[in-house]
Amino acid sequence: MKQVPEQLTKPFNAVDIESRIYKNWEESGYFNPDNLIHATKEPFTIILPPPNVTGTLHTGHAIMLAIQDTLIRYKRMNGHKTLWLPGTDHAAIATQSVVEKKIQKEEGKSRHDIGREEMLYRINEFARSSQDTILSQFRSMGASLDWSRLAFTLDDTRNYAVRTMFKKMYDDGLIYRGERIVNWDPKGQTTISDDETVTEERKGILYTFKYSHDFPIPISSTRPETKVGDVAVAVHPDDERYKEYIGKTYECVFVGCPISIQIIGDTAVEKEFGTGALGVTPAHSAIDWDIKERHNLPSKQVINEYAKMYGLANEELNGKKVTDARDYIVSKLREEGLLIEEKEVIQSIPTAERTGGVIEPLPKLQWFIAVNKPFAHFGKETTLKELMYRAVEGKSTTIIPDRFEKVYFNWIENLKDWCISRQIWYGHRIPVWYRDSEVYVGVTAPEGEGWAQDDDTLDTWFSSGMWTFSTLGWPNNTDDMKLFHPTSLLETGHDIIFFWVARMVLFSMYTFNQPPFKHVYLHGLVRDAQGRKMSKSIGNVLDPRDLSFKYGTDALRMSLLVGNGAGNDLKLGEDKVKAYKLFANKIWNATRFVLEKTNDFENTAITLTEEDDATYTAWRERHSDITNDIEHYRLHLASEKIYDYFWKTFCDEIIETRKVRIMEHNQKESAQKLLLLLLREQIITLHPFMPFITEEIWTYIKEDNDPLLLVTHW
RNA sequence: GGGCGAUUAGCUCAGUUGGUAGAGCAGCGCAUUUACACUGCGAAGGUCAGAGGUUCGAAUCCUCUAUUGCCCACCA
């Protein structure tokens with residue numbers, strides 16, 4: 001007669017067991033693949049998308065952890081050498097601006113008052129203390145991450161990898177320095193990439209005017225203040241209205257500033273827009289810069305890094321903010337009778353995602369990665385763009401759901417050279433040194449006196465893009481590199497496909513001619529129960545820590561998995577989490593009941609009756625169905641199926657019928673054996689989804705020489 | 001302007017390769033010396049947005065329409 005464990009007689013309380021169980025797992029060492037000595041199958045690797053060091057756990061993280069941990073646990077139980085590698089991201093602009101704001105608020109100082117060295121020290125200190133917060137929150141989700149391999153995008157190992165990569169690409173002619181129109185963020189005082197901008201719809205006015213009375217062609221612009229930097233007027237070469245002027249140059253005075261305007265023909269100009277004539281401002285518009293390149297025109301910058309006018313003959317303009325300058329110029333035009341039309345239009349204005357500042361396109365000397373430049377690669381001539389395309393097209397990487405492959409291709413096709421330099425301090429400093437007109441690019445500083453390192457840092461996605469292999473010790477030829485790269489799966493949100501996924505493909509294909517991962521699984525965004533975005537202003541943000549504390553981590557994980565198909569957004573309400581807390585209770589109570597009804601069971605050799613055997617066979621079918629779903633990354637179906645079977649089939653049918661037979665001593669031992677067998681196998685099957693409660697129950701039902709459920713065979 | 005989705009019960013959503021429409025919540029009826037009220041049993045509720053097509057058979061495949069969401073884009 002076995003005693004039912006005392007703990008089981010109390011109601012289930014998740015909070016009581018979670019930290020203790022996590023500690024047991026961690027101390028067992030099985031999160032580290034080096035300790036999985038019985039793992040005979042090939043490695044299965046996921047590199048965790050590194051959260052920002054400054055962050056705290058949100059529902060997006062929770063989804064990512066639930067999906068990845070479920071897959072990792074499943075693979076580990078299946079005998080794969082399983083590596084799930086954690087790390088954090090220095091998130092350059094985000095982190096620096098948090099610390100800058102803090103210092104501004106507490107000490108009233110700017111980063112320039114503090115100085116580069118001291119500032120970097122402060123940011124690093126902040127990053128380190130902040131990191132502990134997010135990592136312990138990741139632990140609380142039950143994440144079976146190999147903490148012994150923890151990486152940071154800005155630590156020494158990663159910095160060495162970044163410098164090595166920069167040098168290698170520079171030597172291949174893929175990294176170059178050039179003057180281009182970049183997205184300048186006057187608020188953040190830095191360049192940002194196209195992907196870091198968001199367009200905002202705003203009302204604007206399209207002004208149609210002439211520079212001066214003696215200039216023949218009226219032009220239209222929403223930004224008349226930039227027109228003092230005009231060098232040409234472009235018209236369509238076939239435009240009958242303006243054909244006769246092409247090739248002529250006019251000297252005129254526009255709001256007190258002398259400008260020299262050449263009339264040129266260019267097919268980029270649309271006859272139907274505005275007056276059909278485009279004032280060319282190379283320094284303040286990307287399209288105009290291209291026209292300038294085509295026609296060999298000069299360029300005059302009239303707006304500085306603080307979005308103020310400068311260098312103009314009309315002293316009244318100098319120092320004015322662009323918006324004030326616009327008002328000033330419009331009123332001058334009106335006075336002089338040069339303003340022909342004002343038309344209200346909706347315009348899309350690019351703003352900086354991070355700071356909200358209105359982007360000022362400016363010409364700047366920056367570092368770029370050439371994506372369209374042919375180079376020799378593993379014995380063949382190719383371009384980076386081709387490599388990125390080929391990885392997905394050739395199915396060496398598959399994207400789940402596959403409709404995102406189209407999105408990926410679409411983005412690749414429109415890809416332009418990637419500006420990788422940033423004018424902020426926190427990040428990987430560009431490994432380039434200057435002395436007079438000499439330029440030195442190297443992994444380490446050059447010998448000799450008088451060299452000064454480039455002040456800029458690299459775009460944070462440069463280091464993140466190398467993440468699948470920089471975390472494994474590249475450029476050293478480590479055992480981890482040999483064993484775990486390419487990785488098996490990248491699991492992340494679909495909003496990050498361009499920023500990150502494509503860049504990882506770029507670096508890995510370039511370096512190894514192999515993609516960084518075999519599969520990409522994209523999950524959706526979490527929305528509230530009504531389908532709205534979670535936002536602080538609406539007040540509908542669900543904090544996973546609260547939910548976990550209130551309903552248990554297992555319940556939270558289930559609520560994030562069930563019904564959450566790849567690529568679709570997930571609507572999450574508190575009721576859903578609550579429903580899975582009830583499920584945890586059900587598991588707990590069913591376990592107690594089964595143990596009570598079988599505490600006199602001893603005859604383990606007994607064979608099942610025909611009926612019991614059929615029931616068992618039906619379960620095995622359901623089990624292989626679930627296995628198949630997990631193998632195909634259909635966790636939303638697998639989780640629902642095990643939930644449904646446990647509750648509706650096992651509890652409501654099997655237990656109900658067998659308890660009668662046990663009480664009536666009607667083929668009692670077969671019934672007892674069936675219940676024990678099914679309980680054991682379901683606890684194993686539930687483990688990847690609900691790791692805590694199942695590991696706890698395992699201690700009550702396991703055989704003496706069974707290991708932790710964590711490493712029990714699936 | 002281009003691209004990608006969504007539309008299934010009152011609400012929120014599943015539905016894996018085409019084979020008798022499912023779940024949770026809400027609501028209705030019944031049960032209660034009960035493993036679990038954090039429960040069980042039962043009933044009700046849907047021309048699967050609309051129209052056309054393919055098929056023996058369509059929520060599922062194709063075309064169009066309507067509504068709706070998201071992403072990308074240098075129209076000055």
Side-chain angles (χ1 to χ4, degrees), chain A residues 4 8-9 11-12 181 183 194-195 198-199 204 206-208 219-224 226-227 230 233-234 268-270 272-281 284-291 345 347-348 350 359 361 401 403-411 413-414 416 494-495 497-498 524-525 527-533 551 555 559 562-576 578-597 625 628-629 631-634 636-641 643-644 647-648 651-653 655-656 659:
Chain A
V4 173
L8 263 180
T9 61
F12 176 61
I181 295 291
N183 302 305
D194 293 345
D195 298 301
V198 279
T199 46
L206 182 65
Y207 300 96
T208 300
I219 56 160
S220 298
S221 175
T222 52
R223 299 196 59 189
T226 64
K227 300 285 116 184
D230 280 14
V233 164
V269 180
E270 281 182 39
E272 282 70 34
F273 188 90
T275 61
L278 166 66
V280 182
T281 325
H284 301 292
S285 153
I287 187 170
D288 294 7
W289 181 271
D290 293 344
I291 294 174
V345 290
Q347 50 180 170
S348 308
I359 298 300
R403 62 185 155 90
F404 279 97
E405 290 180 4
K406 284 184 199 164
V407 179
Y408 175 88
F409 290 138
N410 190 272
W411 182 79
E413 277 158 23
N414 295 319
K416 290 177 292 184
H494 66 68
D495 52 332
I497 181 165
F498 308 129
L525 276 48
R527 294 167 177 283
D528 74 2
Q530 281 88 49
R532 298 172 304 182
K533 268 188 184 161
Y551 303 109
S559 72
V562 177
N564 185 12
N568 294 330
D569 290 351
L570 176 73
K571 295 192 178 77
L572 182 68
E574 203 166 325
D575 279 352
K576 188 174 179 188
K578 197 174 164 189
Y580 293 102
K581 176 189 157 63
L582 301 189
F583 182 49
N585 274 310
K586 193 74 180 175
I587 297 170
W588 189 257
N589 290 325
T591 301
R592 174 172 63 238
F593 189 63
V594 168
L595 293 186
E596 276 169 13
K597 294 294 166 193
D625 200 19
N628 190 38
D629 280 336
E631 286 289 343
H632 292 90
Y633 300 109
R634 295 188 294 253
H636 62 302
L637 299 184
S639 53
E640 195 171 7
K641 281 174 186 168
Y643 168 86
D644 179 73
W647 200 315
K648 295 286 141 63
C651 292
D652 293 350
E653 291 172 24
I655 292 183
E656 289 301 319
K659 79 178 178 192

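Heavy-atom basis, side chains included; hydrogens, waters and symmetry copies ignored. Chain A is the first sequence line, chain B the second, and so forth, proteins listed ahead of strands; every chain is numbered from 1.
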Would you check if the distance from the ring center of A:Y580 to the ring center of A:Y551 is below 6.0 Å? no

In whole Å, what is the span from the CD atom of A:E656 to the P atom of B:G42? 12 Å

Between A:W647 and B:G40, is there a contact of a side-chain N or O with OP1 or OP2 at under 4.0 Å? yes

With rounding to the closest Å, how many angstrom separate the C1' atoms on B:A9 and B:G24? 12 Å

Starting at atom CD1 of A:I655, determine the distance to atom C1' of B:G40, rounded to an integer number of angstrom. 13 Å

When rounded to the nearest Å, what value does the distance between P atoms of B:A21 and B:A35 take? 37 Å

Using the P atom as the reference point in each nucleotide, state the distance between B:U65 and B:A23 in Å, no decimals. 36 Å

Rounded to whole Å, the NZ-C1' distance (A:K578 to B:U12) equals 16 Å

Using atom P in both nucleotides, what's the gap between B:G1 and B:U55 to the nearest angstrom? 37 Å

With heavy atoms under 4.0 Å as the rule, sort A:V280 into base, sugar-phosphate or nothing. nothing

Would you kindly give the CG-to-C1' distance between A:N568 and B:U7, to the nearest whole Å? 13 Å

Intra- and inter-strand pairing of RNA chain B, written as dot-bracket with Watson-Crick and G-U pairs under 3.5 Å and | for the latter, reads (((((((..((((.....[..))))..((((.......))))......(((((..]....))))))))))))....

Between CD1 of A:I291 and P of B:C75 the distance, given in whole Å, is 13 Å

Between B:A73 (C1') and A:I287 (CD1): distance, integer Å: 11 Å

Please write out each protein N/O paired with an N/O of nucleotides 21-30 of chain B under 3.5 Å, distance rounded to 0.1 Å.
| unit_1 | atom_1 | unit_2 | atom_2 | d |
| --- | --- | --- | --- | --- |
| B:G24 | OP1 | A:K648 | NZ | 2.9 |

Between A:F583 and A:W647, what is the ring plane arrangement, given parallel below 30°, perpendicular above 60°, and tilted in between? parallel

Taking all atoms of both residues into account, what is the closest heavy-atom pair of A:P224 and A:Y207, and its distance? CG-CD1, 3.5 Å

Among B:A14, B:C75, B:U16, the one nearest A:H636 by side-chain distance: B:A14

Whether A:D644 and A:K641 form a salt bridge (side-chain N of Lys/Arg under 4.0 Å from carboxylate O of Asp/Glu) is what I want to check. no

Reckon A:R592 touches a base, only the sugar-phosphate, or nothing at all at heavy-atom distances under 4.0 Å? sugar-phosphate

C1' atoms of B:A31 and B:U17, separation to the nearest Å: 44 Å

Mind checking whether A:D625 and A:L637 have side chains closer than 4.5 Å, heavy atoms only? no

Check: A:I587 main-chain N/O paired with A:T591 side-chain donor or acceptor under 3.5 Å: yes

P-based separation of B:U16 from B:A49 [nearest Å]: 15 Å

State which of B:C4, B:C75, B:G15 makes the closest approach to the side chain of A:F273. B:C75

Do A:V345 and A:T222 touch side chain to side chain, with heavy atoms closer than 4.5 Å? yes

First of A:K586 and A:D652 reached from the 5' end of RNA chain B, by closest nucleotide: A:K586

When you get a sec, tell me which of B:C41, B:A35, B:U16 is the closest nucleotide to the side chain of A:F593? B:A35

Indicate the atoms forming the closest heavy-atom contact of A:R223 with A:P361, along with that distance. NH1-CD, 4.1 Å

Gap in Å between the two C1' atoms, one belonging to B:A43 and one to B:C28, rounded: 8 Å

How long is the span from the CG atom in A:D629 to the CZ atom in A:R634, to the nearest 0.5 Å? 4.5 Å

Between B:G5 and B:U47, how many Å separate the two P atoms, rounded to a whole number? 28 Å

Take A:W411 and A:F404, find for each the nucleotide of RNA chain B with the closest heavy atom, and name the residue whose nucleotide sits nearer the 5' end. A:F404

With sugar-phosphate meaning primed atoms plus P, OP1 and OP2, does A:A590 contact a base, only sugar-phosphate, or nothing at under 4.0 Å between heavy atoms? base

pair A:V233-A:I219: side-chain heavy atoms closer than 4.5 Å: yes

Within the structure provided, determine whether A:K581 and A:F12 are in side-chain contact (heavy-atom separation under 4.5 Å). no

Please evaluate residues A:D288 and A:I181 with respect to the criterion side chain to side chain contact (heavy atoms under 4.5 Å, CB included), reporting the C-alpha separation (whole Å), side-chain torsions for both, the decisive distance (0.1 Å), and the verdict. CA-CA 10 Å; A:D288 294 7; A:I181 295 291; over 6 Å; no

Let's see if you can work this out: which of B:A35, B:A76, B:C74 has an atom nearest to the side-chain heavy atoms of A:K416? B:C74

OP1 or OP2 of B:G5 versus the side-chain N and O atoms of A:H494: is any pair under 4.0 Å? no

Atom-pair distance (CG on A:N589; P on B:G40), nearest Å: 11 Å

Expected output: side-chain A:K227 to main-chain A:G279 donor-acceptor under 3.5 Å: yes

Closest to the A:T222 side chain, choosing from B:C72, B:G40, B:A76: B:A76

Side-chain atoms of A:D629 come closest, of B:G40, B:A76, B:U16, to B:U16

What are the atom names and distances for every N/O pair under 3.5 Å that joins the protein to nucleotides 60-63 of chain B?
none

Whole-Å distance, A:N564 CG to B:U12 C1', equals 14 Å

Closest approach of A:R592 to A:L8 (non-hydrogen atoms, all atoms of both residues): NH1-O, 2.6 Å

